[in-house]
Amino acid sequence: MATIASCAGCLLYTDPVNTAPKVLAIKMPDVAYRGKTLSITADVQDADGNDLLLEWGSSTIDCPGSADGAPRVKGQSKDQPFSVHVTSLDGICVWVVVRDSHGARDFAFDVIRPQNRPPVADIQLVKPATMPASDGTYPLFSEVRASSKAMDEDKDVLTHRWMLTRPGRPAAAAPSCSDAATDVCFVADPSGTYVLDLFATDGLVEKDSTARLAIKIADDQPPCIVQTDPPIVPERPTLGVNGGRKLTVLRVDDDGDPYPGVPASGISFHWQMRRNRGEWGRVTTSVSDFFATGEVGDVVEMRVQVRDRHDRPVRRDYTACTTADSSRCELKPGCAQWVTWTVVF
């Protein structure tokens, strides 16, 4: 409002004094991360109630020293936020120039200091693909494959390092898979607990992110002959046909050496024969089948024993057998490590 003042017989008209607006504070998030867009506002004040215009700017270089050095990037009203997209860890200077309708202005700035989010290491057990036994163990000779599932919210490229502690041995670099350098592959032998440690880093933090996986491997189990041709029935002889009879082990269950199985299966077959209740003699073959021959009236007994990589032969005196008769020896119920055919010609 204009004022009228008197001075020795004259009237003077004076304009009101305009008060410059003030930037009270620049408000920005407490934490800034790469890949995020920040909304920034300013608390401004004008004592005269003038309309205000806010001119924003930002830069990853030095902050301007005054309003004159602050180039206008975006003009917007005070009730609209200024957006800054964070792309690096470099500091970002954000400034605002507030102007009233009379050209008076104020200037303020603040600095955003983006923070790095460290990766989070995690391990996925790819193999064995089956569930462990009730005691939490996997079979001996299991193929183990573990994969890194480390995540980084900043999308940084991660470096992986694996360590493997085998039973009774110190930690050493874990072997990589042939088809994926960031995965680990090995065969679990001997039994015991294997500990895998994964170290993941984005190169921006002093301490790696770590994850640990313990894999328990069961003690060696005896191989079990579970299927033969012809089937073996206690006290029931097998008839020889046309002077001979083929005897075959069709399937063997074992913790790490099933048969038929992988080419590297450690299963071997050991045959013995006796004719007409004579002495047992070894047959020089290690394959899964044998063709027994005889004359009319002969009684030929063919015994095959199956062994795995731990090669535990069973004595013929039955001392190791929990169940035994003339046709089989079971090291545990339902698991025959050797069987005998009685072929009558």
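Just so it is clear, the structure is predicted and the values come from calculations on it, not from any experiment. Because only heavy atoms are used, hydrogens play no part in the values below, and waters and symmetry mates are left out as well, while side chains stay in.
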Go through it in stages, so that I can follow the logic: the residues are Gln337 and Val306, the test is side-chain contact (heavy atoms from CB on, under 4.5 Å), and I'd like the CA-CA distance, side-chain angles, deciding distance and then a yes or no.
CA-CA 6 Å; Gln337 194 174 359; Val306 61; 4.2 Å; yes
Does the pair Asn116 and Asp202 meet the rule for a side-chain contact (heavy atoms from CB on, under 4.5 Å), with working shown?
CA-CA 9 Å; Asn116 177 64; Asp202 58 6; 3.0 Å; yes
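Summarising the geometry, atom SG belonging to Cys177 is positioned 4.0 Å from atom CZ belonging to Arg145; distances are rounded to the nearest 0.5 Å.
Annotation: side chain of Val226 is not in contact with side chain of Val252 (no heavy-atom distance under 4.5 Å). Taking 4.5 Å as the limit, every side-chain heavy atom of Lys246 sits out of range of all side-chain heavy atoms of Pro230.
The closest side-chain donor-acceptor pair between Asp51 and Ser101, if any, does not fall under 3.5 angstrom. Side-chain N/O atoms of Asp183 and Ser147 include a donor and acceptor closer than 3.5 Å. If you check the side chains of Arg303 and His270, you find no donor sitting under 3.5 Å from an acceptor. Counting only N and O atoms by type, the side chains of His160 and Ser148 include a donor and acceptor under 3.5 Å apart.
Under the 4.5 Å side-chain heavy-atom criterion for Ile, Leu, Val, Met, Phe, Trp and Tyr, Val283 and Val300 are members of the same hydrophobic cluster. Placement of Ile225 and Phe290 within a single hydrophobic cluster is found when ILVMFWY residues are connected by side-chain heavy-atom separations under 4.5 Å, directly or transitively.
Judged by distance alone, the side chain of Trp280 and the main-chain N or O of Glu301 form no donor-acceptor pair under 3.5 Å. With hydrogens and angles ignored, the 3.5 Å screen pairs no side-chain donor or acceptor of Asp208 with any backbone N or O of Thr210.
Around atom CG of Asp135, more than 12 heavy atoms belonging to other residues, nucleotides or ligands sit under 6.0 Å away.
The only member of Thr37, Leu38, Asp154 that meets side-chain contact (heavy atoms from CB on, under 4.5 Å) when paired with Val86 is Leu38. Among Leu24, Leu52, Val23, the one residue that satisfies the side-chain contact (heavy atoms from CB on, under 4.5 Å) test with Gln45 is Leu24.
For an aromatic pair to be called close, the ring centres must be under 6.0 Å apart, and Trp95 with Phe109 fails this.
Classified by interplanar angle (parallel below 30°, tilted 30° to 60°, perpendicular above 60°), the ring pair Phe269/Tyr259 is perpendicular.
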